[in-house]
Amino acid sequence: MVKQTIQIFARVKPTSRKQPQGIYSIDEDEKSVAALEIILPRDLADGFVNNKRESYKFKFQRIFDQESKQDTIFEIIAKPVAESVLAGYNGTIFAYGQTGSGKTFTITGGAERYSDRGIIPRTLSYIFEQLQKDSRKMYTTHVSYLEIYNECGYDLLDPRHEASSLEDLPKVTILEDPDQNIHLKNLSLQQATTEEEALNLLFLGDTNRMIAETPMNQASTRSHCIFTVHISSKEPGSATVRRAKLHLVDLAGSERVAKTGVGGQLLTEAKYINLSLHYLEQVIIALAEKHRSHIPYRNSMMTSVLRDSLGGNCMTTMIATLSLEKRNIDESISTCRFAQRVALIKNEAVLNEEIDPRLVIIRLKKEIQELKDELAFITGEQRTDQLTQMELDKLEEQITSFLEDQDPESRLEVGSDMRKIHYCFYRLKKLLSERKIPEKNEFSHEIKDKDQEGDTPLKEEELKKLRDVLKQRDNEINILVNMLKKEKKKVQDVFNLQNTNRGGTRLSLSSSPLYGGPGDDSSKASVSSTAKQTHEGSSLDYRSGFHRRKTVKKEEMSLGRQEAFEIFKQDHADNVTIEDNKQILRQRFSEAKALGESINEVRSKIGHLKEEINQRQMQRVALSITDNATGDQELDPVEEKLRSKMEEEKKSYKNMFTRLKGLKVEIEHLQLLMEKAKVKLKKEFEVWWIEEAANLQKKSVPSNSPRTPESPKQQQSQSHLSNKSELISKKIMPSPPPLSRLQRNRFNNPNVEERLVILPSPLNTDIYEISWIWSTGTH
Ligand code: ADP
Ligand code: MG
């Protein structure tokens, strides 16, 4: 058993603007604890807290200042927890702080750079690395990903669902067994045998989370996400199984003070935005108080799920994320105060060991045999598994006479033999159901009649569907006409400009999304061919196998809509990130490819050397036989040389291979990041599209000033306003592309056409063959 208080760490997010000096200071001189001092500016001190203190000091295990990197956070915070989980203890890391303070960045990671990956991917990498190293035990690993929003749990990993809103995800509920253990019903546990599989699941869940979010529910700031790694281990031959869980928790934003300008309001007037965080605080307060017998875990789903992590069998770590800007001072203080209370809680982590059920079965079987022997001794008769024919006949007779007997007091006496009692019940049930059959037939007639009546509503429904599709196509055409007008206007403007600047600087049309990049011949094309080019511009993309496959599969996305999507995509800010990552990915690919080629070369060199050594040895053996000499004891200088050369090659092979493995992880991570960014883009396109459709519905005549795809920020603020129309139009719009394609398409992506494959060589298990699988995409 390990007794430990909850470890608390603080992380300060880098500030975007230059901060006025002296808002906070970090003092790390004290023994093994660090102190964070938040200094209240004078203008804030008035009316902020009653006693008008000007500075607040909080102690943490360690404080990570703005420049701290993700690898340091992992090494110092997460690695020790991962180690104790590998040793069989439960572990939890949770991030707490206001929205925008860096919780998601710390737990999951940033969406752009590989180096920004957070605690979850790094921990998965570490765990799988350790499991691979340890051959003494057999391990199985599962992951689950739960989102809690508004007291409802949702399974982010269910493979059968394709989420377009939170409600589409399977609902997870809490069950409590008589021993007060919590079980989560409907939360799927997915097995992950490799780091890659686990990462795929993480990204699947994150994408589901992103897709399910609407401007209305703002799930990412108001929901809690719990990613759990379940590890069980067993030594070969042993009957005990060790199970440990690691929860990595991204809590909802902790902001709670209703802000009224810089003056702020008294914390006692706090307005709770997130009720379950309020309950979390109550649990923490109760746990920190001595002699409290009742801890109000049951008040919310989140505290129930994390019950063991808060004052239970768990090693728990909290990261307080702080965004220490002037306007966030009150929130930062309240985050630190919360952390100070959390630090008082003591947990007792124990090893979770269970006996293997197989061993229990063996024991129970033995016990049954002993009881049978005892029974036979007492009754004087040996019981078999089944009744004999004679016994059955006798029972039949007894049942018949019992049923025929008119005396209500009559009894069916078969003794205490359970086999006989069960047989009687079985017979009686059968007789009863045989008598019921005619009634059942009547019932099925009734059902048939009703079916026929239901014919007409079905047809009406179909008609309604067709009408909806018709409406939707109308909308589509109108949106495209608007877009086309806008593009035409753009081209016209440029053309006019060109005319006025004749002889001056030459303007390029490449900024228009409809044209190719710089150097594209289309920039010289005339205005009249705009429509044709629109088509050609996007048909370029269709050349890749991926798009062809997609268009065949995707009946829900019409050609016109695809066209609109292409344009929307190019105007979108995220496209830059996607393009950047594409570039990096290409570099990494060619690096990996070059490395792979060198590895394969070294591999074949090693093979040749081995062969040479073998031949040399055989020659020596042959020589020693013919010469009858004891040559095998002498060292052969040639062979020695070959051997040392082979060792060298092996060393360089090993080095290159380790590097390649690292590259592979990075490539896979980047691929997932890009895929996620694409899904996000698609989602934003859907929102924009729905808005356009709703606007068109409002004004039945298309307006003269065509709307353009806005920046995502504008869209967000707009979509807040137009939620109603979104709801109306949602009914006639097809749903966004199903999510499961995310995984299916990962390696067929046109931007990442290759996949690196490392196969064990058939000759030597230490040596791997490096190869690429190509798809038909273009670069
Ligand atoms: P939260 O989940 O607490 O609401 P996020 O993790 O989403 O906050 O962070 C908000 C923004 O700040 C994101 O764009 C994120 O990339 C950025 N960010 C947060 N922490 C850091 C950090 N330590 N370094 C760089 N960027 C950060
Ligand atoms: Mg977040």
Side-chain angles (χ1 to χ4, degrees), residues 9-19 24 26 36 60 62-78 93-122 145-149 156 166 202-203 205-215 217-227 248-256 273-274 276-277 280 302 318-325 327-328 331-332 334-336 338-339 573-574 576-577 580-581 669 673 676-677 680 711-713 716:
F9 295 92
R11 183 182 198 182
V12 184
K13 185 188 139 175
T15 43
S16 43
R17 282 165 280 114
K18 224 179 156 2
Q19 275 298 300
Y24 73 98
I26 294 171
L36 174 75
F60 288 92
R62 203 165 150 173
I63 299 156
F64 297 90
D65 209 353
Q66 302 193 25
E67 61 280 359
S68 302
K69 293 280 168 276
Q70 298 283 63
D71 52 350
T72 320
I73 299 285
F74 168 74
E75 285 292 326
I76 293 169
I77 301 180
I93 300 175
F94 67 91
Y96 181 99
Q98 72 187 105
T99 297
S101 59
K103 295 181 298 296
T104 307
F105 186 85
T106 302
I107 297 290
T108 309
E112 285 172 24
R113 278 181 301 270
Y114 179 61
S115 56
D116 282 349
R117 66 201 193 287
I119 286 177
I120 301 180
R122 283 172 198 269
Y145 205 172
L146 169 72
E147 172 159 14
I148 302 175
Y149 176 70
L156 290 173
L166 216 50
L202 167 68
F203 274 80
D206 273 345
T207 312
N208 254 336
R209 183 183 177 190
M210 180 179 75
I211 288 188
E213 184 179 22
T214 65
N217 66 26
Q218 284 191 348
S220 68
T221 68
R222 305 229 178 133
S223 70
H224 316 285
C225 281
I226 305 176
F227 184 87
L248 299 166
V249 189
D250 185 355
L251 288 175
S254 63
E255 55 275 1
R256 66 193 86 188
I273 293 173
N274 194 303
S276 63
L277 274 185
L280 173 67
M302 203 249 306
M318 168 186 167
I319 309 172
T321 54
L322 303 164
S323 171
L324 278 167
E325 292 181 34
R327 64 195 157 95
N328 291 331
E331 288 300 347
S332 304
S334 99
T335 298
C336 290
F338 181 79
D574 281 1
V576 181
T577 313
D580 282 355
N581 271 340
H669 195 95
L673 283 182
K676 205 164 124 189
K680 182 167 163 254
S711 72
K713 272 220 175 93
Q716 256 192 357

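Both counts, for ligands and for their atoms, begin at 1 and track the order of listing. Hydrogens, waters and symmetry mates play no part in the numbers below; they use all other heavy atoms, side chains included. Count residues from 1 along the sequence.
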| query | Which atoms of ligand 1 sit under 4.0 Å from any heavy atom of Gly102? | reply | 1 (P), 3 (O), 5 (P), 6 (O), 8 (O), 9 (O), 19 (C), 20 (N)
| said: Does any N or O of ligand 1 fall below 3.5 Å from an N or O anywhere on Asp250, backbone included? | reply: no
| For ligand 1, is any non-hydrogen atom under 4.0 Å from Gln66's backbone (N, CA, C, O), its side chain (CB onward), both, or neither? | neither
| Do the side chain of Lys103 and the main chain of Ala252 share a donor and acceptor less than 3.5 angstrom apart? | no
| What pairs with Tyr145 under ring pair (Phe, Tyr, Trp, His ring centres under 6.0 Å), at least two apart in sequence or on another chain? | Phe227
| Passes ring-ring contact (aromatic ring centres under 6.0 Å, His included), His669 versus Phe203? Steps please. | CA-CA 9 Å; His669 195 95; Phe203 274 80; 5.5 Å; yes
| Contact check: Gly100 vs ligand 1, nitrogen or oxygen atoms, below 3.5 angstrom | yes
| query | Any non-hydrogen atom of Thr99 lying under 4.0 Å from ligand 1? | reply | yes
| query | Is a side-chain donor or acceptor of Asn328 paired with a backbone partner of Ser323 at a separation under 3.5 angstrom? | reply | yes
| note | residues 105-121 vs salt bridge (charged side-chain N to carboxylate O under 4.0 Å, His left out), sequence neighbours excluded, gives Arg113-Asp116
| query | Is the distance between the Mg ion (ligand 2) and the nearest N/O/S atom of Thr99 smaller than 2.8 Å? | reply | no
| task | Number the atoms of ligand 1 from 1 as they appear, then name those within less than 4.0 Å of a heavy atom of Arg11, with their elements. | result | 23 (N)
| request: Could you list which atoms of ligand 1 come closer than 4.0 Å to a heavy atom of Gln98? | output: 3 (O)
| said: I'd like to know if the side chain of Ser101 reaches the main chain of Leu322, judged simply by a donor and an acceptor atom lying under 3.5 Å from each other, with no hydrogens or angles considered. | reply: no
| task | Quick one: look at Lys103 and ligand 1, take heavy-atom pairs under 4.0 Å, and tell me if it's side chain, backbone, both or neither. | result | both
| Would you say Gly253 touches ligand 1, if touching means a heavy atom closer than 4.0 Å? | no
| said: Contact between ligand 1 and Gln70 is defined here as a heavy atom of the residue under 4.0 Å from a ligand atom; is it met? | reply: no
| query | Between Ser101 and ligand 1, which residue portion shows a heavy-atom distance shorter than 4.0 Å: side chain, backbone, both, or neither? | reply | both
| task | For the pair Glu325 and Thr15, evaluate side chain to side chain donor-acceptor pair (under 3.5 Å) and give the outcome as yes or no after the intermediate values. | result | CA-CA 7 Å; Glu325 292 181 34; Thr15 43; 5.7 Å; no
| Of all heavy-atom pairs between Leu673 and Gly110, which one has the smallest distance, and what is that distance? | CD2-O, 4.0 Å
